[in-house]
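Contents: one structure, followed by commentary.
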Amino acid sequence: MAAVATCGTGAGSTRSIVATTSKNNVTSFQRKGPRASGTDSGCSRLVSIAGTRPSVRNGQLLVSTGLPALDQLLGGGLAVGTVLLIEEDKYNIYSSLLFKYFLAEGIINGHTLLVASAKEDPADILQELPAPLLDDNYKKDLDEDICNHQTPDSNIKMKIAWRYQLLPKMESGPVSSSRFGHYYDASKRMPRELIETSKWHGFFFPEKLSSTLNKEPCSLTHGYRRLLQFIQKVIYEEGFDGSNPQKKQKNILRIGIQNLGSPLWGDDICCTENCDNSHSLTKFLYVLRGLLRTSLSACIITMPTHLIQNRAIIARITNLSDTVVGLESFIGSERETNPLYKDYHGLIHIRQIPRLNNLIYDVSDVKDLAFKLKRKLFTIERLHLPPDLSDTVSRSSKQDLAESSKLLGPGCGMMAGGKQHLDF
Amino acid sequence: MESVLALGGLVLLRDSVEWEGRSLLKALVKKSALCGEQVHILGCEVSEDEFREGFDSGINGRLIYHDLFRDPLSWSRTGEALPGGPLGALQAMCRRTDPGPFTIALDSLSWLLLHLPCTAVCQALCALSHQHSRPGGSCPAEPVRVLGLLHEELHGPGPLGALSSLAQTEVTLSGALGQASAHILSRRPRQRPAHQTQWFSILPDFSLDLQGGPPLESQPHPDPHTPPVDPTARVTFNLHLSKKEKEAKDSLTLPFQFSSEKQQALLRPRPGQATSHIFYEPDAYDDLDQEDPDDDLDV
């Protein structure tokens with residue numbers, strides 16, 4: 001893991017003290033002085049890579065996911081060397097948007113990209129990235145949105161609970177020009193010059209498929225094996241794992257894999273319940289995580305888990321990934337017409353957050369979150385449900401909650417899946 | 001129904017035992033042929049003669065038929081059978097080089113799913129639907145339409161879900177009172193999917209007759225609980241204030257607000273009120289010794 005050693009404020013003075021004492025006493029503690037070449041500006045200990053920052057909680061190096069609201073929910077950002085798994089929504093609209101935000105963030109920060117897909121050509125994916133929002137444009141849009149949504153009731157300032165007025169909403173506005181996460185305009189495309197100046201590698205599976213003739217029987221599906229070899233080659237050749245001594249500045253590799261687990265990769269976990277290569281995907285994730293942990297890279301994977309027939313595989317995949325975020329959109333479901341959810345486009349579930357060099361989780365205490373794709377921005381907000389009061393109100397909202405929070409293990413019988421609530 | 005053909009890519013026609021889809025498939029094939037496109041048909045379930053029945057000679061001349069029905073396993077070595085079996089036939093269609101709009105009708109996807117592994121079928125379909133952007137990169141967006149007939153009852157949720165995720169348009173056939181309807185779900189890239197229900201009937205010469213709807217009696221009654229639930233109705237406290245109540249609320253001084261009247265009231269002792277008294281009756285267990293209050297403790 002790329003841990004960051006922070007410089008103390010008194011480092012300079014202690015260094016000089018140690019230097020004087022070492023002349024007098026022979027001590028086995030040798031402190032390295034600052035490098036004479038001066039390649040690292042500022043403090044010599046800090047790994048200063050563009051677009052990253054150390055976590056305030058445990059010093060882990062973090063990169064932004066491209067969505068500052070999601071960064072906040074994940075505890076500051078995505079840790080370098082980990083996997084972010086996004087469980088796709090049914091029509092793959094919002095998960096592909098999150099995927100593009102991640103890649104766009106990489107381009108803005110100058111990171112190297114590796115895009116792998118079995119459905120679309122990576123060059124086409126890169127042409128569709130959203131354009132970054134500049135500070136003044138964002139403020140104008142934010143004010144415009146606030147004016148649209150303000151009702152007369154919300155103008156009343158709170159007199160009793162006035163401290164809550166100062167509480168910020170879920171997403172915070174842009175802070176400074178060299179900020180950690182950027183905002184993107186989903187309705188505009190990223191300018192071509194930015195994409196062309198960035199460095200990226202593409203892996204389009206159908207092209208690789210046609211070039212091979214023999215399929216040796218192995219436990220890892222053909223597509224996964226080729227992808228792992230490709231990722232390993234890029235990491236090794238570009239020196240992200242420190243194998244080639246890099247003369248220039250260190251950089252992060254952002255890997256994006258789209259629709260992993262779908263039949264287009266040659267994996268049949270979405271097609272049948274008892275498949276032959278049921279361990280293929282789990283092995284892929286295991287090897288991928290090993291590759292990521294030993295290099296300066298972060299990976300985003302979108303997976304159509306709603307198609308996977310065997311629930312035990314979903315549980316294994318969740319365990320093998322570091323951060324898991326599930327998207328559930330309301331399109332086509334009965335919730336679309338439910339007035340409780342009328343302002344939102346779907347629910348977002350943070351299913352897992354990793355415990356990296358830590359004993360506790362960084363989970364936020366807000367569990368019911370909903371997202372909404374406004375005209376330009378993707379926002380994540382807390383879902384406010386009304387209190388259970390009268391009979392009919394409680395029945396409809398309780399059933400919705402029960403269905404949304406139902407997590408059935410593989411051993412549960414038929415009764416557990418029923419809609420009846422236990423009545424006390 | 002025009003949107004079904006206008007959007008390229010994979011069009012899934014899901015039919016069932018009650019509402020068969022082959023006639024709709026033939027109607028769409030006829031429509032494409034009349035537009036002057038090349039139409040290739042991979043026939044697996046019915047014989048060529050049966051498929052061509054009902055089409056006039058002009059349309060029959062435009063259809064290029066690949067027959068897998070007569071000899072699916074290539075047992076007769078006369079060389080008439082398609083090389084490579086069904087998968088080879090699909091891959092051969094992927095490699096076509098002539099430009100122009102192109103329609104492929106798969107007579108049935110169910111047959112292919114039952115004879116080939118699902119992943120191979122999905123990969124071949126994806127390669128077919130994305131064909132227009134591949135060759136040389138010089139072709140403009142010529143739509144390649146793949147019409148696949150799928151019998152819903154033959155497959156489990158796995159293959160159905162996998163194919164739905166690949167399809168640009170899904171047409172599910174159902175109906176009421178002898179009138180067929182098609183529920184069309186079209187997924188444009190990066191946009192919300194659009195639902196549409198179209199009632200239709202197929203004439204004997206396989207042209208489509210779009211209709212408004214079935215007779216009124218057959219319409220299903222709307223659900224009794226469609227009026228949306230208003231969470232703010234029927235609560236035990238008052239959520240709405242009248243104007244007078246609002247004014248009274250605004251003018252109320254809150255307890256922690258320290259106004260000057262309050263300050264005066266606290267500083268000035270109220271007239272007529274003597275200092276307060278405390279009346280206390282000592283209990284049986286009380287110890288009235290003030291010097292040692294802990295005397296009753298058994299230490």
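Labels below follow one simple rule: chain letters A, B, ... track the order of the sequence lines, proteins then strands, and each chain is numbered from 1.
Between A/Tyr94 and A/His345, the ring planes lie parallel to each other; the angle is under 30°, not in the 30° to 60° tilted range. Aromatic ring orientation, A/Phe378 versus A/Phe371: parallel (interplanar angle below 30°, classes split at 30° and 60°).
With a threshold of 4.5 angstrom between heavy atoms, A/Glu128 approaches chain B through side-chain atoms but not through N, CA, C or O. Both the backbone and the side chain of A/Leu264 have a heavy atom closer than 4.5 Å to some heavy atom of chain B. Looking at B/Leu185, only its side chain comes within 4.5 Å of chain A, counting heavy atoms on both sides. Looking at B/Arg192, both its backbone and its side chain come within 4.5 Å of chain A, counting heavy atoms on both sides.
No side-chain donor from either of B/Ser186 and B/Thr169 sits under 3.5 Å from a side-chain acceptor of the other.
Your options are A/Pro263, A/Ala186, A/Ser262, A/Pro304, and the one with the most heavy-atom pairs under 4.5 Å with chain B is A/Pro263. Among A/Ala118, A/Cys270, A/Ser96, the residue making the largest number of heavy-atom pairs under 4.5 Å with chain B is A/Cys270.
Annotation for A/Lys90: atom NZ does not count as buried by contact number, only 12 or fewer foreign heavy atoms lying within 6.0 Å.
Checking A/Asn259, A/Ile314, A/Leu281 one by one against A/Met303, the side chain to side chain contact (heavy atoms under 4.5 Å, CB included) holds for a single residue, A/Leu281.
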